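Every chain is numbered from 1, with letters handed out A, B, ... down the list of sequences. Because the structure is a prediction, the values reported are computed rather than measured.
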Number of protein chains: 4
Amino acid sequence: MSSVPAFKRLPRAVREQQMLDAAVKVFSRRGFHAASMDEIAEDAGISKPMVYAYLGTKEELFVACLHREGTRMMQAIAGAAAPDLPADERLWRGLRAFFGFVGAYRDGWAVLYRQARGEQPFAGELATMRARLVEVVAGMLDHALRAEGREIAAIDLEVVAYALVGATESLADWLADHPDADPEKTATRMMNVAWLGAAQLLHGVTWRPPVD
Amino acid sequence: MSSVPAFKRLPRAVREQQMLDAAVKVFSRRGFHAASMDEIAEDAGISKPMVYAYLGTKEELFVACLHREGTRMMQAIAGAAAPDLPADERLWRGLRAFFGFVGAYRDGWAVLYRQARGEQPFAGELATMRARLVEVVAGMLDHALRAEGREIAAIDLEVVAYALVGATESLADWLADHPDADPEKTATRMMNVAWLGAAQLLHGVTWRPPVD
Amino acid sequence: MSSVPAFKRLPRAVREQQMLDAAVKVFSRRGFHAASMDEIAEDAGISKPMVYAYLGTKEELFVACLHREGTRMMQAIAGAAAPDLPADERLWRGLRAFFGFVGAYRDGWAVLYRQARGEQPFAGELATMRARLVEVVAGMLDHALRAEGREIAAIDLEVVAYALVGATESLADWLADHPDADPEKTATRMMNVAWLGAAQLLHGVTWRPPVD
Amino acid sequence: MSSVPAFKRLPRAVREQQMLDAAVKVFSRRGFHAASMDEIAEDAGISKPMVYAYLGTKEELFVACLHREGTRMMQAIAGAAAPDLPADERLWRGLRAFFGFVGAYRDGWAVLYRQARGEQPFAGELATMRARLVEVVAGMLDHALRAEGREIAAIDLEVVAYALVGATESLADWLADHPDADPEKTATRMMNVAWLGAAQLLHGVTWRPPVD
DNA sequence: GATGAATGAGTGTTCATTCAT
DNA sequence: GATGAATGAACACTCATTCAT
């Protein structure tokens, strides 16, 4: 009788989580446009006006999903890649955490990237999140380079980091599409792609276009 | 009186191209859902029923855009990367052609990937196209590996190729977002990321996860 | 201030009846195809989405009309023709009730038969209703025949009943087209046509084709 | 080489018959509204503007179908029921011809009645045709009555004839729905229904409603 | 706090019909 | 005579969003 007071009159915070759960699920299944507020409300076991009262319009609701899932992902990564470890160790742990997250929350990942990528209203939100990732990766590389006594132009650093993040997202998609694939193994593969190249960079090896 | 354009009663083939041009433009600007058939028709300088008569429903129209742009892109790449060149040369030329294409047809690229990625109805179409790219890249790597007397598991090859393609798409996005950036330079950067890692692979260097 | 109708926010059941009333009226006036959902909604004093929310698509709405009017008609007939009366009495009362119904609800009749007959999607619905009528009439005839110690093949019975129902529908059309005609008198006329022939049948008189 | 000059440049009369054939077929299959001018033109092996040039708008085209099929039917009946025969003989021959026609041209019948009945624009056309039939039947009855030295009110005569025509149409529908049924037998059944009652009338027997 | 009732606005799609060649 | 090209106009249906209770 005490802690499970049936279904109604739950405190706001709980209700909001239920709604977000439902929203993430429905957005992930149907996509942003095809998802209807009706379905989300029904799935959350609540009436539509409540959804509007608590979480605002459809766009705002989607952004709220984005934030929650993005924060969770960032925390998973940040918690794994302690900043005092050597660069390869940090990269490896970060990737492992990332793919672990994607493997565990495919719905969340789908909302975060599959849906958000295509819809312009969220391009900004997404770009911000991606920028944080790029920054982290670029930071790792820069840190390692400096430790080796090297340096490269900021823009090059950014672009390389951008490419690595893109490759990682791409493998995350691949993982989301192959439910039986092993996240850990996928992380290892990504590490091979990333680190082999990065390690070369660290040692000053670069490729230059041939003179036509 | 002779060469006056005579705006009306154009043959079907011409009208279809006009419509596809307009559709690519509008889809790319607004996204698939936000794009309206009215706007596309108006932009093509034709009435809506003609669009339906020639290119079918909105989905079919989008698929037609996808095909045209995808084919153009593939041809640009295939025309550049002759199969009898060494692997690095092919990769470089392919990348250069690819980024050149994206730089020149930002709208087409947006339709191809930005929009298609998010919309479930086109996931299949897109996956097919991406699969062709992955196959080409994997083929290059495999060819080079065999030339070196090495071999790796097909799935590893696929995943590495997938990652490289993902990184490339990601840089293409970056390029599309930075209108002043130089496609050639972007290609060079991608080549650095890709080839440095690939070259390591070719020499049998791999990274292995630490034993926890 | 108390009994003001408060035109809005009516409970669902009430609104549904209003909508059905409007739909029967509009369908009957314009025919199924020419009727527009806009006009029905407007006539019901409600917005279109409510019609869809409560009664579904145009076809479903029409079927709902069919059911309501058909049920009303059947009840009127069944209430009048008590099964323990002699056959001629039952037939007479049934016919009187039927023509009374048609005379009173010309719109309903038009929806039921005039419209439904022509539109393929409703052929099934209509056939079912007609089959119920045919069955009732055939039952009456069969009952009377057995009371006379006679019997005829089931198929002949069905066809005769079918013809009688057809004649009746036809007179109902006639009645609907002659607003000043008297339903009771029309019933008497139909009774003459039906019963004179039926009574002959009961006495074993039949007509046989001449040998050519 | 002489009399079959391929498909084009046929004389107008021939083309019109082809179009009417196609129109009857398509209208009968799809119904008036669902039938599209495109399909009719295609089925006739001709372009749409030709259909408009020769036979006018969709409604006019349908009326043309109605006329052709109606005329054919009337001729079939009139040719069979010579006016100098006794009433029962005429009725029987007329019915046999009628059901024979329906059995042979189900498409035509469907256009004539199934479609035309429901669509208001053709109510007038149809009423005219039906009136001709009613008149013929009423004439038969009147003729026979007078031969017997009897007479009944014109309106009663009309209504009885209307009922008989309605019963006949109804059985024609039944026949159209039962492709294996025998037209001749159906005619016999109808004759039973009609003549048994009519013969009673001729002998002055009538049914009167009970005094409640 | 919670919801059933209600709607404005918009979109994809179709079709009869006609012009220009 | 014949047709491909073209369109105006309409209509079913949906959905995010908000009142009134």
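In this structure, B/R15 reaches the F/dA6 phosphate: one of its side-chain N or O atoms is under 4.0 Å from OP1 or OP2.
From D/M19, atom CE reaches atom CG of D/D21 across 11.0 Å, with rounding to the nearest 0.5 Å.
Nearer to the 5' terminus of DNA chain F, by closest-nucleotide assignment, is the contact made by B/M50 (compared with the other of B/M50 and C/T57). Position along DNA chain F of the nearest nucleotide to B/A13 versus C/H33 favours B/A13 as the more 5'-ward residue. Mapping B/S36 and C/P11 onto DNA chain E by nearest heavy atom places C/P11 closer to the 5' end of the strand. Of the two residues near DNA chain E, C/M19 and B/A34, the one whose nearest nucleotide lies more 5' is C/M19.
Relative to the ring axis of D/Y52, D/K58 does not place its NZ or CZ within 45° and under 6.0 Å from the centre.
Residue B/D38 contributes atom CG, which lies 12 Å from atom C1' of F/dG8 at whole-angstrom precision. One atom, OH of D/Y52, and another, P of E/dC15, lie 12 Å apart when rounded to the nearest Å. Put simply, CD on A/E16 is 12 Å from P on E/dG1, counting in whole angstrom units. To the nearest angstrom, P of E/dC15 lies 13 Å from CZ of D/F32. Across the protein-nucleic acid pair, C/F62 atom CZ and F/dC11 atom C1' stand 18 Å apart, rounded to whole Å. Rounded to an integer number of Å, the gap from CD of B/Q17 to P of F/dA5 is 15 Å. E/dT13 atom C1' lies 13 Å from atom CG of B/L61, rounded to whole Å. Atom CZ of C/R12 and atom P of F/dA20 are 22 Å apart (whole Å).
Taking every heavy atom of both residues into account, A/A22 and A/D43 meet most closely at CB-OD1, 3.5 Å.
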When you look at D/W109 and D/Y113, which way does the ring-ring contact (aromatic ring centres under 6.0 Å, His included) test go after all the steps?
CA-CA 6 Å; D/W109 173 255; D/Y113 276 90; 4.3 Å; yes

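Using a 4.0 Å heavy-atom criterion, one finds that D/A35 contacts the sugar-phosphate atoms exclusively.
Residues B/R68 and B/Q17 have side chains that bring a donor and an acceptor to within less than 3.5 angstrom of each other. Donor-acceptor pairing under 3.5 Å is lacking for the side chains of A/E119 and B/H33.
Closest to the B/S47 side chain, of the nucleotides F/dA12, F/dA6, F/dT17, is F/dA6. When distances are taken from the side chain of A/M37 to each of F/dT3, E/dT3, F/dA16, the shortest belongs to F/dA16. Residue C/R9 has its side chain nearest to E/dG4 when only E/dA16, E/dG4, F/dT3 are considered. Comparing F/dA5, E/dG4, E/dT17 against the side chain of D/K58 picks out E/dT17 as the nearest. When distances run from any side-chain atom of D/Y54 to the nucleotides F/dC13, F/dA2, E/dT17, the shortest one goes to F/dA2.
Judged by atom type and distance alone, A/K48 reaches the base of F/dT17 through a side-chain donor-acceptor pair under 3.5 Å.
With hydrogens and angles ignored, the 3.5 Å screen pairs a side-chain donor or acceptor of B/E60 with a backbone N or O of B/T57.
Ionic pairing of C/R30 and C/E39 is present here: one or more N-O contacts between side-chain nitrogen and carboxylate oxygen are shorter than 4.0 angstrom.
Counting only Watson-Crick and G-U wobble pairs whose two key distances fall under 3.5 Å, DNA chain F forms stems of three or more stacked pairs at E:2-21 with F:2-21.
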